[in-house]
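Before any comments, here is the structure.
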Amino acid sequence: MVPLTPNPTKVMLYIAEREQLGVLMNIEQIVVNTVKGRHKEPAHLARNPFGTVPTLELDDGNFIVESLPIIEYLEDKFPKHRLYRGTSEQRAKVRDLERIIDLRISGPMGAYGHATKSPLGRPS
Ligand SMILES: N[C@@H](CCC(=O)N[C@@H](CS)C(=O)NCC(=O)O)C(=O)O
């Protein structure tokens, strides 16, 4: 995880919301400093070959490298007080909006921001 990066922040906010509801997941957070380029170093590429954050290591040694699947995994793994609730239609609508935001809004905005204003440069 990394403070001040949008996708890790999304997962950290999710974990904090669940903790507020009394669900303690005991997830150790390891900082990967993207400004210093640590996400492209071998230690992190061994966890996530795309060199992005967040990344969740599972107990079996596998890694989940996408923020929404990390959240969905934690919903399944810790079902008490889950945040994805409601009817099938409501849950589908939430996932629909997440995908629209990810693919059509945040992705292009991030690419533009990184290409023009970020110390990281354009993501590869
Ligand atoms: N689709 C991925 C996107 C992950 C992503 O792009 N994370 C950014 C930080 S918010 C990152 O690692 N950027 C560095 C890079 O792409 O080189 C997710 O939802 O987790």
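Counting convention: from 1, in listed order, for ligands and their atoms alike. Keep in mind that the numbers below use all heavy atoms, side chains included, and drop hydrogens, waters and symmetry copies. We count residues from 1, following the sequence as given.
Taking distance alone, with nitrogen or oxygen atoms compared against 3.5 Å, S67 approaches ligand 1 more closely than that limit. Any N or O atom pair closer than 3.5 Å counts here, and K10 shares no such pair with ligand 1. No N or O atom of P8 sits closer than 3.5 Å to an N or O atom of ligand 1. In terms of polar-atom proximity, T52 is not counted as a contact of ligand 1, lacking any N or O under 3.5 Å from an N or O of the ligand.
Nearest heavy-atom pair, L83 versus E75, reported as atom, atom and distance to 0.1 Å: N-OE2, 2.9 Å. Summarising the geometry of N7 relative to P54, their closest heavy-atom pair is CB-CD, 3.6 Å, with the distance given to 0.1 Å.
With H44 contributing its side chain and T52 its backbone, the two residues share a donor-acceptor pair below 3.5 Å. Distance alone, capped at 3.5 Å, is enough to place a donor-acceptor pair between the S106 side chain and the I101 backbone.
Annotation for ligand 1: atoms under 4.0 Å from non-hydrogen atoms of P54 are 20 (O). Below 4.0 Å from some heavy atom of P6 lie the following atoms of ligand 1, by number and element: 10 (S). Residue-ligand proximity, K40 to ligand 1, at heavy-atom distances under 4.0 Å covers atoms 15 (C), 17 (O).
Between I15 and the options I71, I70, I27, a side chain to side chain contact (heavy atoms under 4.5 Å, CB included) holds for only I27.
Between atom 4 (C) of ligand 1 and the options L68, I64, V53, the minimum heavy-atom separation is to V53.
Taking the charged nitrogens against the carboxylate oxygens, R38 and E41 do have a contact shorter than 4.0 Å, which makes a salt bridge.
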